[in-house]
Amino acid sequence: MKTLSKKIAVKICAAILGVFAMGCDKFLDTKPSDFFEPDQYYETAEQLERALAGVYDPLGASELYSYMMSSYFGTEADLGYYNRSSAEGPQIYDYTPAHTRIRTTWQKLYDGIARANLLLANADKPEMNNAARNVIIGEAKFLRAYYYFLLVSNWGGVPLVLKPTEGPTNNSIARKTDREIYDFILEEMEDAEKKVLSIQAVGHAGRVTKSAVQGILARVCLYIAGNPLNDVSKYAEARDWAQKVMTAGHSLNPSYEQIFINYARDQYDINESIWEVEFWGNGSDNYSEAGWIGVRLGVATRDVSLGHSYGIIRPTERYYNLFDANDLRRDWTIAPFSYEGKSKVNHTGSIYERDIAKWRREYELDHSTSLSCQNYPLLRYSDVLLMFAEADVMANAGAQPSPEAIQAVEEVRNRAYGKLLPHELVKSIKVTGAGAGYKSAPTIAIIDGGGVEATAKATIADGKVTYIDVTNKGRLYTSAPTVVITGGDPTTAAKATATITTIAAADPSLTTVQKDDPVEFMKLIKDERSRELGFEALRKYDLIRWGDFLSVMKDTEIEISTSSAPSYATWAFQNVAQKHLLFPIPIRERALNKELTQNPGWQ
């Protein structure tokens, strides 16, 4: 939240922490001794704004997107595996109802709900502009509904708590059905959509806006339309909500990689990035909220000057092979290099040895810290386009895909193949001969090919050129240019050599069959969502709502078991079972709330 978190700190100042203490330790906790009474606190518009900052705060907690949702709950599904030889927990589907991180995420979501309940119960108290009050109410209602959306999509039906909890007794509340929770989410978000501002009025993606609400409503409707509820009437509603976003002035960033460079640099692009979790600072004080995105999902290195990262998730070969060689998303999402010391080197081994590369710490303004300031997307415009296409073809089941649905998919694919850029470009440079005796990094020049402006930078190690980064892809190339390597004082007759790839011949267009056959079109959408949105905490839930989760996971297990992958790469795929479609209700919460029943398979 630019105007909330980065000016008054999303980690709420100590002076108001007491307002939100309720619910921090337990789902329905005791009344803390240092709690500020609402009559003592909700007196001004500024206090209401600060309270709203507290409702946003759980999004960036380690229990949600900083850690659990992004890299520990197995949300990547078949796209990747947990890169550790010793592990237990949700990331490899090895846990019980007593697992701490299942419980703390449940609690953090109810913490956010409790904060929203408290704000909404007291929103009318301050004397302030009613239009501004309504915006705050709208954002708080949406966030409360979003937390319930995360609960229902992970646990199924849950207790529906809509008022502040005042004490430790009489708090046992039975679970609502998942449909009842979804109905509440729809009602609440639809009301919020009328109250919040447009994204153009807000000017950044850190706060909830009309476009964000509309896009998430499309997602919610797709979840209801799919498994387990299978209410296919919601496909039409999902299409309509997505279409509202498509007419709100959004467009794709022409460069796929620039989206993620922007997240690393805390730069907003409201045309593409509609809603994002904000992280900032380095975690060294109470007025910053650094996270784990680049640290856990970046390219592995222990060198802090490069941006320390664990490389905790690695891709499957199945995912890598889903990309065409000319798809620019492949080598941005799956690293074509690794670090050796401070140097980048080309990957030549197994795909299973590569790292996820969307979240590259080298682009952070300060990547020398142990935590990361990269923002994390909750909704991008490309997701909206793909949701629209899916909802449209499913709402007209059996009919030929509409021109509008085809156009939406082709727009995403055109960007993936560089066709939204006003030129053909230099995709990558491959070192074909490392040379020897280099005392410094040589100069790289890119000449000929009919184009201009492409630039590159060499990395050396042990006197050899190990990697060449394309720093500017250039424009207007009609054929592959030539790379010229000079300087660096190499050993005589041992100069490095390299070749260049362009994407001039790439064609992202749909085939005739994909345009005519709704089954083939839907298959394309499934693949396109994985290519476009990989490692953005959506894949697992897509597979579940399509009814594909278990079969895809087991197929992936077979593929990995016959590959060169390490043995632990198969653990998640071996362990996953029907019960893992939902998390278990935490055992501690059942002890506190006697009305809570357990999910199937977890008794």
Side-chain angles (χ1 to χ4, degrees), residues 1-8 10 45-46 48-53 55-56 59-60 116 119-120 123 128-147 149 185-222 237-254 258-259 262-263 266-278 375-388 391 404 408 411-412 415 536:
M1 296 161 292
K2 185 175 183 180
T3 57
L4 294 178
S5 68
K6 296 188 178 179
K7 291 186 177 178
I8 63 171
V10 74
E46 181 183 8
L48 202 63
E49 278 274 312
R50 293 190 179 190
L52 180 61
V55 184
Y56 276 92
L59 292 171
L119 183 155
L120 292 168
M128 60 184 294
N129 179 278
N130 279 331
R133 188 198 316 273
N134 270 337
V135 171
I136 292 174
I137 290 172
E139 291 181 50
K141 293 187 77 170
F142 173 83
L143 289 167
R144 179 171 67 175
Y146 188 76
Y147 294 142
F149 177 50
I185 292 167
L186 290 175
E187 180 181 0
E188 199 81 337
M189 287 188 177
E190 288 171 9
D191 184 57
E193 190 262 347
K194 299 180 180 69
K195 292 181 169 64
V196 299
L197 299 174
S198 72
I199 195 167
Q200 290 82 9
V202 172
H204 62 88
R207 287 185 78 155
V208 172
T209 62
K210 286 191 184 298
S211 292
V213 177
Q214 292 161 357
I216 296 299
L217 272 165
R219 184 181 295 168
V220 170
C221 288
L222 284 178
E237 292 185 34
R239 176 190 59 201
D240 294 345
W241 284 115
Q243 197 164 37
K244 287 180 183 294
V245 183
M246 293 163 63
T247 58
H250 294 278
S251 60
L252 295 179
N253 189 312
Q258 190 62 45
I259 301 165
N262 288 344
Y263 289 137
D266 199 22
Q267 295 174 346
Y268 295 101
D269 172 13
I270 61 175
N271 290 327
E272 167 82 30
S273 185
I274 297 173
W275 189 30
E276 57 196 71
V277 182
E278 294 193 310
N375 289 4
Y376 193 75
L378 297 181
L379 181 68
R380 293 197 287 114
Y381 185 55
S382 57
D383 186 4
V384 173
L385 290 172
L386 294 173
M387 287 193 292
F388 169 80
E404 293 79 12
E411 188 173 346
V412 174
R415 195 258 301 277
E536 296 182 36

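Since the structure is predicted, the reported quantities are computational estimates derived from the model, not experimental observations.
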Closest heavy-atom pair, I185 versus A145, reported as atoms and distance to 0.1 Å, is CG1-O, 3.7 Å
Any salt bridge linking E404 with R239? Criterion: basic side-chain nitrogen under 4.0 Å from a carboxylate oxygen. no
For I270, does its backbone N or O pair with a side-chain atom of H204 as donor and acceptor, under 3.5 Å? no
Using a 4.5 Å cut-off on heavy atoms from C-beta on, say whether the side chain of E272 contacts that of L252. yes
Would you say F142 and E193 make side-chain contact, with heavy atoms under 4.5 Å? no
Does a side-chain heavy-atom distance below 4.5 Å link R219 with W241? no
Can you find a pair of side-chain heavy atoms, one from R207 and one from L197, that are under 4.5 Å apart? no
Cut-off 3.5 Å, side chains only: do Q258 and N253 have a donor facing an acceptor? no
Above 12 or not: heavy atoms from other molecules or residues under 6.0 Å from CD of E187? no
Could you go through L385 and R415, starting from their C-alpha distance and side-chain angles, then the distance that decides it, and tell me whether this counts as side-chain contact (heavy atoms from CB on, under 4.5 Å)? CA-CA 12 Å; L385 290 172; R415 195 258 301 277; over 6 Å; no
Going from CD1 on I137 to CG on L120, what distance comes out if it is rounded to the nearest 0.5 angstrom? 7.0 Å
If we check side-chain contact (heavy atoms from CB on, under 4.5 Å) with C221, which of these qualifies: D240, I216, L186? L186
Quick check: do V384 and L379 have side-chain heavy atoms less than 4.5 Å from each other? yes
Point-to-point distance, once rounded to the nearest 0.5 Å, from NE2 of H250 to OG of S382: 12.5 Å
Nearest non-hydrogen partners of A391 and A238, listed with the distance: CB-CB, 3.8 Å
Side chains of E276 and N262 in contact at under 4.5 Å (non-hydrogen atoms): no
With a 4.5 Å cut-off on side-chain heavy atoms, are V55 and R144 touching? no
Please report the interatomic distance CG(L52) to CG(L143), rounded to the nearest 0.5 Å. 7.0 Å
E139 side chain near Y56 side chain, heavy-atom distance below 4.5 Å: yes
Taking all non-hydrogen atoms of both residues into account, name the closest pair between S211 and I199 and its distance. OG-CG2, 4.0 Å
Correct closest heavy-atom pair for T209 and I274 would be OG1-O, 4.5 Å
Check the pair Y381, E411 against side-chain contact (heavy atoms from CB on, under 4.5 Å), reporting the backbone distance first and the verdict last. CA-CA 11 Å; Y381 185 55; E411 188 173 346; 4.3 Å; yes
Taking 4.0 angstrom as the limit, do K244 and E190 come out as a salt bridge? no
Nearest non-hydrogen partners of A408 and F388, listed with the distance: CB-CD2, 4.0 Å
Please check if the side chain of T247 supplies one atom and the backbone of Q243 the other of a donor-acceptor pair under 3.5 Å. yes
